[in-house]
Structure formats: structure tokens, C-alpha cells
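Counting begins at 1 with the first residue of the sequence.
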Amino acid sequence: MSVGLVTAKFLLKNPRKPELGPVEVDALADTGSVHLCIPGHIQIQLGLDEIDKKEVTRADGSRKLVPYVGPLELHFKNRIGFAGALVLGDQVLVGAIPMEDMDLVVVPKTRSLDVNPSSPNIGSSIVK
């Protein structure tokens with residue numbers, strides 16, 4: 001069964017510049033991707049500093065050097081996470097690392113993103 005596209009509302013903030021308001025986005029949740037990716041206009045809106053550049057391999061096998069910015073504060077329901085982000089594409093994409101960090105799961109039946117039902121009140125993680 002194909003899950004299809006899963007999107008969810010996230011609130012993004014720059015913790016280094018609290019005077020800049022948060023940005024609410026419809027993010028694509030992609031368990032097949034690893035990183036948080038944001039379009040250039042989000043980097044500009046939040047005043048995110050470029051920390052480094054990373055080479056990414058795209059779906060077609062081509063490689064591209066993209067800015068790596070941060071830190072970025074992410075809010076989803078009762079969860080908060082922090083991450084660096086790759087600047088590329090035209091939509092916010094939340095990959096496996098930020099989803100794991102925030103203890104979020106994709107629910108195939110409803111094609112939605114939600115907090116882990118095993119730990120609904122507070123995010124959990126395995127550290128052994």
C-alpha cells in the first residue's frame with residue numbers, strides 16, 4: 001500500500017533572533033529523507049545564518065552544493081525540536097532525523113503525522 005504524501009503544520013523559529021516572528025508552514029513529512037530542508041525564502045524570513053555548505057545527492061543521482069543553516073526551532077503539537085537545515089526546494093521537508101528527535105510518527109491509515117502514541121505527553125528516545 002502506498003502512503004502517498006503526508007503534510008503537517010509546523011511552526012519554525014530562529015532561537016537566536018526571537019524578535020523575528022515564527023513562520024507557520026505546511027511541511028512534507030518524508031521518512032525516506034534524512035534532513036530538514038527549507039526553501040530560501042524561509043531562510044531569509046527567519047534570518048538564519050549559513051553555517052556550512054553540504055553536498056547533496058538528489059533523486060536523479062546528480063549532486064549539488066547547498067547552504068546548511070541554523071539553528072532552527074521546530075514546533076509540532078506538544079513537541080519542540082532543534083535542527084540545522086539544508087536550503088533547497090520549494091517546500092519545507094521534514095526528514096527522519098528531526099522526526100525521530102521530536103518523537104513523531106507517520107500514520108499510514110490517515111496519511112498524517114502525529115506524536116508517537118506510545119508517548120503522547122512527552123517525547124521519548126532510546127539512548128542505550
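- A 6.0 Å sphere centred on CG of Leu65 holds more than 12 heavy atoms belonging to other residues, nucleotides or ligands.
- A salt bridge is absent between Arg79 and Asp101: the closest approach of a Lys/Arg side-chain nitrogen to an acidic carboxylate oxygen does not fall below 4.0 angstrom.
- Going from atom CZ of Arg16 over to atom CG of Leu48 covers 9.5 Å, rounded to the nearest 0.5 Å.
- Within a 6.0 Å radius of CD in Glu73, more than 12 heavy atoms belonging to other residues, nucleotides or ligands are found.
- A pairwise comparison of heavy atoms in Ala96 and Thr31 identifies CB-O, 4.1 Å as the closest pair.
- Under the 3.5 Å distance criterion, the side-chain polar atoms of Lys77 are left unmatched by any main-chain donor or acceptor of Val115.
- Atom-to-atom distance recorded for Arg58:CZ and Lys64:NZ is 5.0 Å, nearest 0.5 angstrom.
- In the displayed structure, Asp26 atom CG is contacted under 6.0 Å by more than 12 heavy atoms of other residues, nucleotides or ligands.
- Side chains of Met99 and Leu113 form a contact here, defined as non-hydrogen atoms less than 4.5 Å apart.
- A donor-acceptor pair under 3.5 Å is absent between the side-chain atoms of Asn116 and the main chain of Val105, judged by distance alone.
- Not a single donor-acceptor pair under 3.5 Å links the side chain of Asp49 to the backbone N or O of Ile51.
- Among Val107, Leu104, Val106, the one residue that satisfies the side-chain contact (heavy atoms from CB on, under 4.5 Å) test with Asp114 is Val107.
- His35 has its side chain out of reach of Val56: every pair of non-hydrogen atoms, C-beta onward, lies at least 4.5 Å apart.
- Met102 and Ile122 are members of different hydrophobic clusters when ILVMFWY side chains are connected at heavy-atom separations under 4.5 Å.
- Looking only at side-chain heavy atoms (C-beta outward), Val92 and Pro39 come within less than 4.5 Å of each other.
- Rounded to the nearest 0.5 Å, atoms CG (Leu86) and CG (Leu36) are 8.0 Å apart.
- Annotation: the span from Leu12 atom CG to Gln45 atom CD amounts to 9.5 Å, rounded to 0.5 Å.
- Contact check for Val66 versus Val87: no side-chain heavy atoms found under the 4.5 Å cut-off.
- The shortest heavy-atom contact between Asn14 and Gly47 is ND2-O, 3.1 Å.
- For the atom pair OH (Tyr68) and CD (Gln43), the distance works out to 13.0 Å, reported to the nearest 0.5 Å.
- Separating the CG atom in Leu88 from the CD1 atom in Ile38 is a distance of 9.5 Å, to the nearest 0.5 Å.
- Of all non-hydrogen atoms in Phe76 and Lys9, the two that sit nearest each other are CD1-O, 3.3 Å.
- The two atoms that bring Pro15 and Pro71 nearest to each other are CD-O, 3.5 Å, heavy atoms only.
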